[in-house]
Amino acid sequence: MQTGKFSEDDIKKLARSAYEEGSAGFEIFPERTALLIIDMQDEFVKPHWTPYWIPEATRQAPLIKKVLNICRDKGVPVIYTLFSRTNYFLDRPYSGRFMSNRYADLDIDQKEFYNGEKIWHELAPEPGEVVIHKPSYGAFYDTPLQTILRNLDKDTVIIAGTLTNYCCGLTARQAYERGFKVIFGSDINSTDDPGMQEHELKILRRGFAKVMSSGEILKFLNG
């Protein structure tokens with residue numbers, strides 16, 4: 001295909017191929033990798049407790065546990081995030097309170113939500129594992145995550161958790177923009193609407209991350 005000869009169909013085919021079949025060409029090494037477990041907390045994982053429950057996150061917890069166990073066995077650092085009531089809500093994007101995902105019209109008391117360390121029991125941190133309380137979607141926003149990864153001498157992150165198209169996807173974008181290699185688990189990140197899952201994976205696959213299944217990630221970690 002010559003320069004200046006790209007038809008509209010050519011452009012569509014190139015984009016579609018990258019969305020559906022693309023794979024980032026960077027090399028990855030377990031010793032340079034950290035695992036980020038994003039917001040696998042009771043508010044999102046505990047069945048029926050809140051209107052923010054992500055049923056798929058509950059189902060995926062055992063798969064995330066497999067990746068977590070291998071990381072611990074191999075000495076790959078594990079870092080957790082929690083969406084929390086930090087600094088009396090004064091440290092978060094101002095317009096967040098007006099977003100429709102807050103479900104402000106529901107007749108329930110939400111004061112007990114996002115108020116403490118409530119990581120889902122299957123994935124509970126061990127002593128020495130970092131837990132970051134974050135004020136917004138992306139794990140790098142107003143947190144020490146980048147400094148922690150640099151101090152650990154890691155240049156690659158595996159992302160697992162919820163939501164695929166909010167906190168996890170935005171964290172992948174933020175990591176990419178900060179020069180990290182991103183491995184995004186296709187079946188260890190979940191969303192509240194299954195129809196949104198593949199749309200987000202396509203975007204990440206084309207421009208931000210190496211999208212891999214949990215089986216592929218386990219094989220990579222095992223060398």
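Because only heavy atoms are used, hydrogens play no part in the values below, and waters and symmetry mates are left out as well, while side chains stay in.
Here Arg205 contributes atom CZ and Ser186 contributes atom OG; the two are 7.5 Å apart, rounded to the nearest 0.5 Å. The CG atom of Asp39 sits 3.5 Å away from the OG1 atom of Thr81 when rounded to the nearest 0.5 Å. A distance of 12.5 Å separates CD of Gln41 from NZ of Lys46, quoted to the nearest 0.5 Å. In this structure, Ser136 OG and Asp142 CG are separated by 9.0 Å, a value rounded to the nearest 0.5 Å. Note that the CZ atom of Arg173 and the SG atom of Cys168 stand 11.0 Å from one another [nearest 0.5 Å]. In this structure, CD1 in Ile158 is found 12.0 Å from CD1 in Ile64, a value given to the nearest 0.5 Å.
The residues Glu56 and Arg59 are annotated as salt-bridged, a charged nitrogen and a carboxylate oxygen being separated by less than 4.0 angstrom. The pair Glu31-Lys154 does not meet the salt-bridge criterion, since no charged nitrogen lies less than 4.0 angstrom from a carboxylate oxygen.
Under the 4.5 Å side-chain heavy-atom criterion for Ile, Leu, Val, Met, Phe, Trp and Tyr, Tyr137 and Leu204 are members of distinct hydrophobic clusters. If you chain together hydrophobic residues whose side chains sit under 4.5 Å apart, Val78 and Leu145 never meet in one group. With hydrophobic clusters built from ILVMFWY side chains whose heavy atoms lie under 4.5 angstrom apart, Ile28 shares a cluster with Leu68. Under the 4.5 Å side-chain heavy-atom criterion for grouping Ile, Leu, Val, Met, Phe, Trp and Tyr, Ile37 is connected to Phe220 within one hydrophobic cluster. A single hydrophobic cluster is not seen to contain both Phe29 and Phe26; linkage of ILVMFWY side chains at heavy-atom distances under 4.5 Å, directly or through other members, places them apart.
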### Task
Go through the steps for Ile54 and Val45 under the test side-chain contact (heavy atoms from CB on, under 4.5 Å), then give the verdict.
CA-CA 6 Å; Ile54 313 299; Val45 187; over 6 Å; no
### Task
Dump the intermediate steps for side-chain contact (heavy atoms from CB on, under 4.5 Å) on Lys181 and Lys210, then the final yes or no.
CA-CA 8 Å; Lys181 302 172 186 177; Lys210 183 184 287 288; over 6 Å; no
#### Entry: Test log, rule side-chain contact (heavy atoms from CB on, under 4.5 Å), inputs Ile79 and Glu129
CA-CA 6 Å; Ile79 300 170; Glu129 292 177 338; over 6 Å; no
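Inter-residue side-chain proximity for Asn87 and Pro135 is flagged as unmet; no heavy-atom pair is nearer than 4.5 Å. Under the 4.5 Å side-chain criterion, counting only non-hydrogen atoms from C-beta, Phe184 is not in contact with Met212. Taking the side chain as every heavy atom from C-beta outward, Ser190 and Gln60 approach each other to under 4.5 Å. Between Thr143 and His133, the closest side-chain pair of non-hydrogen atoms is not below 4.5 Å. A 4.5 Å side-chain heavy-atom check between Val157 and Leu149 finds at least one atom pair inside the cut-off. Leu36 places a side-chain heavy atom less than 4.5 Å from the side chain of Thr171. Proximity of Asn189 to Thr162: side-chain heavy atoms (C-beta onward) are nowhere separated by under 4.5 Å. Counting heavy atoms from C-beta on, the side chains of Ile148 and Ile132 come closer than 4.5 Å.
Between Phe208 and Val182, the shortest heavy-atom contact is O-CB, 3.7 Å. Glu216 and Val211 get closest at one heavy-atom pair: OE1-O, 4.4 Å. Considering all non-hydrogen atoms of both residues, Glu122 and Pro62 come closest at OE1-CG, 3.8 Å. Among all heavy-atom pairs drawn from Arg72 and Ala124, the shortest one is NH2-O, 3.1 Å. Between Ala57 and Met40, the shortest heavy-atom contact is O-CE, 3.4 Å. Looking at every heavy atom in both residues, Val76 comes nearest to Pro30 through CG2-O, 3.8 Å.
Here the side chain of Ser84 pairs no donor or acceptor atom with the backbone of Thr86 at under 3.5 angstrom. Distance alone, capped at 3.5 Å, places no donor-acceptor pair between the Arg150 side chain and the Gln146 backbone. Between the side chain of Ser7 and the main chain of Asp10, a donor-acceptor pair closer than 3.5 Å is present. Checking side-chain atoms of Asp187 against main-chain N and O of Ser214 turns up a donor-acceptor pair under 3.5 Å. With Tyr19 contributing its side chain and Leu201 its backbone, the two residues share no donor-acceptor pair below 3.5 Å.
Enclosure of atom CZ in Phe140 by more than 12 non-hydrogen atoms of other residues, nucleotides or ligands within 6.0 angstrom is indicated. Counted within 6.0 Å of OH on Tyr176, heavy atoms from surrounding residues, nucleotides or ligands total 12 or fewer; the atom is thus considered open.
Geometric assessment of Arg32 against the ring of Phe180 yields a negative cation-pi assignment under the 6.0 Å and 45° thresholds. The cationic atom of Lys134 (NZ for Lys, CZ for Arg) does not lie both less than 6.0 Å from the six-membered ring centre of Phe83 and within 45° of the ring axis.
Thr164 pairs in a side-chain hydrogen bond (donor to acceptor under 3.5 Å, both in side chains) with only one of the listed residues (Gln197, Glu200, Glu198), which is Gln197.
With 3.5 Å as the limit, one finds a donor-acceptor pair spanning the side chains of Thr58 and Trp53.
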